[in-house]
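All chains are named by letter (A, B, ...) in the order of the sequence lines, taking the proteins before the strands, and each is independently numbered beginning at 1.
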Amino acid sequence: MVLQSPHSLQSSAPTPANGAKRVKIQAENGAAPKDNVAGQRRVSARLQAAAKRKAEKKELLAKRKLELLGEDGGRSARKLSAETNKVKQKLKLQHAQTGIQQLPEIPFHPAEPKVSKKVAKMVERAAKIAEGLDGTTTPNVAEKSAHIKVKETVRLFNKHYLHLVQEEEKRCRAGKVAKKAARANKARKGNVPDADGKGRAKRPDLKAMTKMMERKEVLYPQKRIGNIPGIDVGHQFYSRAEMVAVGFHSHWLSGIDYMGQSYGKGEYKHYKFPLAVAIVLSGMYEDDLDNAEDVVYTGEGGHALTGNKRQIRDQVLKRGNLALKNCYDLGVTIRVVRGHECTSSYSGKIYTYDGLYKVEKYWAEKGLSGFTVFKYRLRRLEGQPTLTTSQVQFAHGRVPQCTSEIRGLVCEDISGGQENVPIPATNMVDDPPVAPTGYEYCKSMKVARNIELPANAAGCSCEGLCWDPKTCSCAKLNGSDFPYVHRDGGRLVEAKHVVFECGPNCGCSPECVNRTSQSGLKYRLEVFRTPKKGWAVRSWDFIPAGAPVCEYIGLLTRTEDLDSVSENNYIFDIDCLQTMRGLGGRASRQQDASVSMIQKVDKNDEQRSESVPEFCIDAASIGNVARFINHSCEPNLFIQCVLSAHQDIKLARVVLFAADNIPPLQELTYDYGYALDSVHGPDGKVKVMLCFCGAEGCRKRLF
DNA sequence: ACTCATCAGTAGTAT
DNA sequence: ACTACTGATGAGTAA
């Protein structure tokens with residue numbers, strides 16, 4: 001599916017409140033050509049396809065160019081590292097002369113650290129080296145892709161996770177059924193061996209983590225001191241296992257992550273081990289976040305692991321505790337992650353990276369239960385991005401609680417009560433603030449008169465809720481598995497070419513998992529005005545990866561019937577083949593038997609697959625929230641074709657799903673999927689529209 | 001709201 | 001090779 005080439009770009013601009021979204025951009029660039037009009041939209045399918053191919057070639061070339069550039073960057077980086085190596089060599093030599101010795105223990109109550117000369121020297125050296133390794137240097141070309149690498153790693157983790165959730169849900173169901181059968185048998189016969197019904201669910205997060213390790217997909221398998229490229233202050237993690245998967249903090253359990261003796265051989269020779277690199281504060285300091293720059297951290301150990309979790313013995317200066325002490329001695333910085341209770345989210349807890357901290361002092365004291373505990377006063381390094389509350393706003397439920405709290409409110413509910421959840425609109429940009437107008441809100445698809453929707457889906461004969469993929473005929477269409485997991489009210493395991501949902505001809509109830517995208521809005525969405533991109537959409541709730549956000553609703557029309565005179569930026573071509581090629585969201589889509597059949601048909605008919613799709617959704621004058629969602633070159637939503645009432649892929653429903661875990665108030669975007677240079681004006685010249693998505697890898701042009 | 005078993009990698013030690 | 005250590009997680013239970 002491609003958001004179709006805007007039909008003519010007519011001089012008569014639409015009402016500012018309506019289509020202003022992209023028209024305005026052009027006006028701002030002075031690029032708005034006063035051309036008219038009609039006819040140029042379809043330059044013939046063939047020509048368009050050729051243009052597309054050309055564009056793709058061009059893109060490839062550009063990519064190569066970039067790669068070359070990147071190589072160059074790599075080279076200079078290598079040069080740099082060679083230089084630092086020289087410095088290190090020098091240091092090593094010096095060190096050989098001084099001789100490395102075991103350092104004297106420092107007493108427990110160092111009001112003023114008594115540091116021997118040797119230690120002082122060591123500290124100095126360590127600090128020097130740390131400066132180079134800190135990664136606090138300005139981002140370069142290599143750094144740029146680091147963010148994307150992190151994103152990809154997290155997506156991979158999520159994918160594994162959802163697959164394993166699916167597996168677990170299946171196993172638990174089987175276990176329950178087996179147990180039931182066993183119980184029934186017991187009632188009749190008595191003693192029956194317990195089937196493999198290990199009723200309890202395993203931990204899919206840990207399993208996903210293990211999988212990442214086995215496949216060597218962990219982004220940073222080596223621990224390092226200081227910042228991690230691609231993870232900025234304020235970065236949010238959604239579980240401990242996710243941090244392990246990127247290599248940010250390598251324990252899913254322990255609070256303190258430290259480098260052990262084995263790190264004392266390589267580049268970190270001049271440090272003292274164990275040495276802490278990262279810690280997690282688990283929500284204990286939730287209430288005194290104003291003290292965020294200054295933390296008192298309790299060491300590890302001595303806890304009663306079960307029950308009341310009180311201290312049951314003295315902590316000792318070993319392992320993590322010793323590692324933190326060594327950080328104090330050497331002045332090594334530590335990454336600090338905070339865990340936040342997060343009631344508004346499905347994940348329950350989120351973790352934010354709050355930056356580098358230094359151990360200012362440490363001491364031992366008698367804790368509440370009368371046992372020795374170690375305490376570490378940590379101070380945040382200066383010059384880091386301030387810990388704005390916006391990053392943790394949602395953790396406090398700081399999203400507006402009632403309409404009077406909403407700033408810039410221009411409309412309480414643009415859906416006028418149609419959706420399950422009101423969709424407010426806000427405008428802090430225009431003066432006077434205007435509300436989105438010029439269209440009619442509609443929750444469900446309108447169908448043009450000359451289209452008759454088929455209703456030929458066979459439907460499954462399940463009763464109540466579909467649960468057995470072996471018997472549910474809808475599940476069979478999806479490759480003998482349900483495309484969704486139950487968790488969090490239904491999440492799509494993986495982007496597929498087509499998802500076959502249960503529909504009106506099925507025997508199951510509306511709560512069936514295989515109707516996940518049919519249950520309407522689940523999240524509190526807000527339409528808000530932006531300075532450059534017109535209207536945009538964001539969520540007040542946390543949206544987990546794979547969750548359905550909304551369907552693209554409008555007037556279902558024959559492409560040929562579109563009014564080619566007036567400008568229209570709200571056309572959505574229903575072109576599953578495009579979707580199948582994997583635009584936006586996830587790179588490759590899972591294919592299953594029934595889809596390959598459809599594809600085969602299309603392959604036989606090359607012409608059709610290259611041509612303009614027969615049907616499209618026009619949301620210009622009638623539509624739902626989806627029409628306000630902007631394009632981004634690095635989107636957090638992806639398009640998924642869904643079939644439920646019928647099986648005509650040309651008339652598939654178009655549903656937007658979360659590609660990532662999306663924190664509240666982050667703008668929702670998807671890839672409109674234009675090929676560059678694919679849009680032509682009436683004069684045959686390539687039309688250009690600039691992109692303001694702001695992503696790192698932004699192509700700078702929408703088309 | 002509270003309880004509880006489980007989960008799995010890491011560091012360090014013993015062999 | 002083996003073991004101690006660690007506390008998040010989600011299902012189950014009780015209230």
Self-check item: Of the listed nucleotides B:dT10, C:dA11, B:dG12, the one nearest the side chain of A:S250
Solution: B:dT10
Quiz item: Does the distance from a Lys or Arg side-chain N to an Asp or Glu carboxylate O, for A:R380 and A:D294, drop under 4.0 Å?
Solution: no
Self-check item: Closest to side chain of A:S254, choosing from B:dT10, C:dT6, B:dG12
Solution: C:dT6
Quiz prompt | Residue whose closest nucleotide on DNA chain C lies nearer the 5' end, A:A241 versus A:G301 | solution = A:G301
Practice problem: Identify which nucleotide among B:dA11, C:dA11, B:dC7 has an atom closest to any side-chain atom of A:W252, counting heavy atoms from C-beta outward. | Solution: B:dC7
Quiz item: So is A:R319 actually on top of A:Y258's ring, under 6.0 Å and inside 45° of the axis?
Solution: no
Quiz item: Could you give the CG-to-P distance, from A:L281 to C:dT6, as a whole number of Å?
Solution: 17 Å
Quiz item: Over how many whole Å does the gap from A:L253 atom CG to C:dT9 atom P extend?
Solution: 10 Å
Quiz item: Could you state the CZ-C1' distance from A:R319 to C:dT6, rounded to the nearest angstrom?
Solution: 9 Å
Self-check item: Value in whole Å for how far the P atom of C:dT9 lies from CZ of A:F237
Solution: 13 Å
Quiz item: Does A:Y351 place a side-chain N or O at less than 4.0 Å from the phosphate oxygens OP1/OP2 of C:dT9?
Solution: yes
Quiz item: Can a side chain N or O of A:S282 be found less than 4.0 Å away from OP1 or OP2 on C:dA8?
Solution: yes
Exercise. Using a 4.0 Å heavy-atom cut-off across all strands, classify A:S262 as base, sugar-phosphate, or nothing.
Key: nothing
Self-check item: Side-chain N,O (A:K207) to OP1/OP2 (B:dA8) below 4.0 Å
Solution: yes
Quiz item: Could you give the NE2-to-P distance, from A:H251 to B:dA8, as a whole number of Å?
Solution: 16 Å
Practice problem: Quick one: label A:G320 by what it contacts on the DNA or RNA (base, sugar-phosphate, nothing), any heavy atom closer than 4.0 Å. | Solution: nothing
Quiz prompt | The single option from A:L637, A:V655, A:L656, A:L668 passing side-chain contact (heavy atoms from CB on, under 4.5 Å) against A:C550 | solution = A:L656
Practice problem: Tell which nucleotide pairs with C:dA14, taking only Watson-Crick or G-U wobble pairs whose two distances are both under 3.5 angstrom. | Solution: none
Quiz item: Starting at CG of A:L206 and ending at C1' of B:dT6, how long is that distance when rounded to a whole Å?
Solution: 9 Å
Practice problem: Indicate whether the side chain of A:H340 and that of A:T352 have a donor and an acceptor atom separated by less than 3.5 Å. | Solution: yes
Quiz item: When you check the gap from the basic side-chain N to the acidic O, do A:R379 and A:E293 get nearer than 4.0 Å?
Solution: no
Quiz item: What does A:K223 touch in the nucleic acid at a heavy-atom separation under 4.0 angstrom: a base, only the sugar-phosphate, or nothing?
Solution: sugar-phosphate
Quiz prompt | Closest to side chain of A:D205, choosing from B:dA11, B:dA8, C:dT9 | solution = C:dT9
Exercise. Mind checking A:F273 for me? I need base, sugar-phosphate or nothing, with any heavy atom below 4.0 Å counting as a touch.
Key: nothing
Self-check item: Selection from B:dA11, B:dG9, B:dC7 that lies nearest to any side-chain heavy atom of A:Y258
Solution: B:dA11
Exercise. Whole angstrom is fine here: how far is it from CZ in A:R203 over to P in C:dA8?
Key: 10 Å
Quiz item: Which is true for A:D257 with a 4.0 Å heavy-atom rule: it touches a base, it touches only sugar-phosphate, or it touches nothing?
Solution: nothing
Self-check item: Whole angstrom value for the distance that separates C1' of B:dT10 from CE of A:M213
Solution: 9 Å
Self-check item: Candidate nucleotides B:dG12, C:dA8, C:dT6, ranked by approach to the side chain of A:E300 - the nearest
Solution: C:dT6
Quiz item: So does A:E152 pair up with A:K149, basic N to acidic O under 4.0 Å?
Solution: no
